[in-house]
Colleague: 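Below are the C-alpha cells for one structure; questions will follow.
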Number of protein chains: 2
Amino acid sequence: MTRAEAADMPDDAARETPDRLRRQASRQLSQLTARSDRLINEGLARVDARKWHYAVLASLQDCGPGSQATLSGRTGIYRSDMVGVLNELAERELVERAPDPDDRRRNVITISPRGRRHLRRLDKVLDGLHDELLAPLDPAERDQLMRLLTRLLDHHTRTS
Amino acid sequence: MTRAEAADMPDDAARETPDRLRRQASRQLSQLTARSDRLINEGLARVDARKWHYAVLASLQDCGPGSQATLSGRTGIYRSDMVGVLNELAERELVERAPDPDDRRRNVITISPRGRRHLRRLDKVLDGLHDELLAPLDPAERDQLMRLLTRLLDHHTRTS
DNA sequence: GAATCAACGTTTGTCTCACTAACGGTTTCG
DNA sequence: CGAAACCGTTAGTGAGACAAACGTTGATTC
C-alpha cells in the first residue's frame, strides 16, 4: 500500500490492530498470557507470594516430600531456578530443606504446617484471580478452553 | 501430607505434575505460550526475522504508513522497544524511516517493496508454524479456541 | 578397589518480553 | 508567551525460560 492509497483510509483503520494480527493464535496466546501473568503476579504479591511458591507447595502437599530435582520435574521449574524459589520459601519457613541421609547429594524438601496454612490461603486467592481471568466465560466455556489448552500442551510436551 | 503418608505413594504420583496445578488456567496458558513462542521464534529465526518484524510489516501493509507511536498502538509493541525493531527492519531495508515534514516530532514509517516481498514470505512461514502449533485440533476446534481467547483478551483490554 | 560416568545442587550468564522513567525536541493550547 | 502534551530515544527493571559449568556424591564397570 502506497502513501497515496493510505490517504483515503479512515483514521480508525490506521490506528487499530489489523485483522491479520488479530487472527494469529500465537499472538492471542502471548497477549492473553501477558495479561494473565500480570493479574496473577499482582494478586499473589499482595499476599507476599509468587506463582512458583504455589507450584512447589501444592506439589509437596499432593505428592509428598521430594528432592529439588523431583520438585523441578513436578512443577516444571528449572533446577537452576528452583534454588532461589526454595530459598524464598525457606526464609518464610514454609518448607524445610534438609540433607537426605540416604543420598548425600540430595536435599529433602518438606512442607511445614505453616506452609500448609499458606497453601490453603493461596488456593483461595488463586480461585478468585482465575474467576477474574475467566470472567467472560460461563462454566461450560471455561471447561472447553481448558480442554483445548490441555490437548495442545500435551501434544507439544510429548512431541518435544 | 507427612513424610510417613507419602511413603506408600506410588513413585509415579511422586514424580508427575499434580492435578491441582494442571487445572490452573493461568498455568496452562503460560506453559502453552512458552512452547508457542519458542516454536514461532525458532521458525522465524530461520528466515532472519522475529515476530515483531511481522507485526510491524503487516500493520504497514494493511493500514498504511504511520508514525512510530501509531505503529506502537497498532502492534502493541511499546514505543521504547519500537526503536530497536525499526532499526532492524531499516537495516534490512524492509521499511523506510523519514522525518515527517508536517510534524517534526514524528517519523513516517513506510514499507518498501522488499518489505512487501518479505511479508509474503513470513505469511507462509507463519501459516506453517501455526499449523504445527494447532496440529491436534480440527478446524472447528481451532476456531472455537480463537473465539474463546479473543473474548478473554477483549474483556481484559477493555477492563484495563 | 580404582576409574569412569551420571546425578545433584549451585552459580553464573544469556535472551526475550513487558514495562517504567526520564531526556531533549516539537507542537498545541490557554 | 508559557505550560502542557506529544514524539522518539536511551537506559534500566524484573520476570521467565533456559544453557554451561563446577564440586560433591553415588553407581557402574573393568
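As the structure is a prediction and not an experimental result, all values here were calculated from the model. Every chain is numbered from 1 and lettered A, B, ... according to where its sequence line falls, protein lines coming before strand lines.
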Colleague: Would you indicate what A:Arg50 reaches in the nucleic acid, counting non-hydrogen atoms under 4.0 angstrom: base, sugar-phosphate, or nothing?
Modeller: sugar-phosphate
Colleague: Please check this pair: side chain of A:His53 against backbone of A:Leu89, looking for a donor-acceptor N/O pair closer than 3.5 Å.
Modeller: no
Colleague: Compare all side-chain heavy atoms of A:Leu152 with those of B:Arg35 and state whether any distance is below 4.5 angstrom.
Modeller: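 Result no, sub-4.5 Å side-chain heavy-atom pair not found.
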Colleague: In whole angstrom, give the distance that lies between atom CG of A:Leu71 and atom P of C:dT10.
Modeller: 12 Å
Colleague: Between B:Arg92 and B:Asp48, does any NZ, NE, NH1 or NH2 come within less than 4.0 Å of an OD or OE carboxylate oxygen?
Modeller: yes
Colleague: Of the nucleotides D:dT10, C:dT10, D:dG26, which has the atom closest to the A:Asp103 side chain?
Modeller: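 Looking only at side-chain atoms, A:Asp103 lies closest to D:dG26.
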Colleague: Can you check whether A:Tyr78 has a side-chain N or O nearer than 4.0 Å to OP1 or OP2 of D:dG16?
Modeller: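 So the side chain of A:Tyr78 is outside the cut-off, no N or O lying under 4.0 Å from OP1 or OP2 of D:dG16.
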Colleague: Can you check the B:Asn87 CG to D:dT9 P distance for me, whole Å?
Modeller: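 Taking CG of B:Asn87 and P of D:dT9, I get 7 Å after rounding.
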Colleague: CD1 of B:Ile77 versus P of C:dA18: gap in Å, rounded?
Modeller: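 Atom-to-atom, B:Ile77 to C:dA18, this comes out as 9 Å.
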Colleague: For A:Asp37 and for B:Asp81, find the nucleotide of DNA chain D with the closest heavy atom, then tell me which residue's nucleotide is more 5'.
Modeller: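 Going by which nucleotide is closer to the 5' end, it is B:Asp81.
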Colleague: Taking the side chain of A:Ser80 as its heavy atoms from C-beta onward, which of C:dA18, C:dG9, C:dT11 lies nearest to it?
Modeller: C:dT11
Colleague: Nearest whole angstrom, please: distance from the P of D:dG14 to the CD of A:Glu88.
Modeller: 13 Å
Colleague: In whole angstrom, what separates B:Ile40's CD1 from C:dT16's P?
Modeller: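 In whole Å, C:dT16 P lies 16 Å from B:Ile40 CD1.
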Colleague: How close or far is atom P of C:dC17 from atom CE of B:Met82, stated in whole angstroms?
Modeller: 13 Å
Colleague: Flag the pair A:Ile111 / A:Val56 as yes when at least one side-chain heavy-atom distance between them is below 4.5 Å, and no otherwise.
Modeller: no
Colleague: Measure from NE2 on B:His53 to C1' on C:dT16 and round the result to the nearest Å.
Modeller: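 My rounded result for the distance is 13 Å.
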Colleague: Between B:Arg106 and C:dT27, does any side-chain N or O lie under 4.0 Å from OP1 or OP2?
Modeller: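 For C:dT27, OP1/OP2 do not have a side-chain N/O of B:Arg106 under 4.0 Å.
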Colleague: Compare side-chain N and O positions of B:Arg105 against OP1 and OP2 of C:dG25 and report whether any pair is under 4.0 Å apart.
Modeller: no
Colleague: Please examine the side chains of B:Asn87 and B:Arg97, heavy atoms only from C-beta on, and report whether any two atoms are closer than 4.5 Å.
Modeller: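 In contact.
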Colleague: Looking only at side-chain N and O atoms, does A:Asn107 come under 4.0 Å of OP1 or OP2 in C:dT10?
Modeller: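 Yes, because at least one side-chain N or O of A:Asn107 sits under 4.0 Å from OP1 or OP2 of C:dT10.
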Colleague: Give a yes/no on whether any side-chain N or O of B:Gln68 is located under 4.0 angstrom from OP1 or OP2 of D:dC6.
Modeller: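 Checking D:dC6 against B:Gln68, no side-chain N or O comes under 4.0 Å of OP1 or OP2.
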Colleague: Given C:dC17, C:dG9, D:dG16, which nucleotide is nearest the side-chain atoms of A:Asn41?
Modeller: D:dG16
Colleague: Does A:Trp52 have a side-chain nitrogen or oxygen under 4.0 Å from the phosphate oxygens OP1 or OP2 of D:dA15?
Modeller: no
Colleague: Would A:Arg22 and A:Asp19 pass as an ion pair if we require N to O under 4.0 Å?
Modeller: yes
Colleague: Any side-chain N or O of A:Arg97 less than 4.0 Å from the OP1 or OP2 oxygen of C:dT10?
Modeller: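 So the side chain of A:Arg97 is within the cut-off, an N or O lying under 4.0 Å from OP1 or OP2 of C:dT10.
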Colleague: Do the side-chain N or O atoms of A:Arg79 get closer than 4.0 angstrom to the phosphate oxygens (OP1, OP2) of C:dG9?
Modeller: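 The answer is no; no side-chain N or O of A:Arg79 sits under 4.0 Å from OP1 or OP2.
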Colleague: Round to the nearest Å and state the distance from A:Glu42 atom CD to D:dA15 atom P.
Modeller: 12 Å
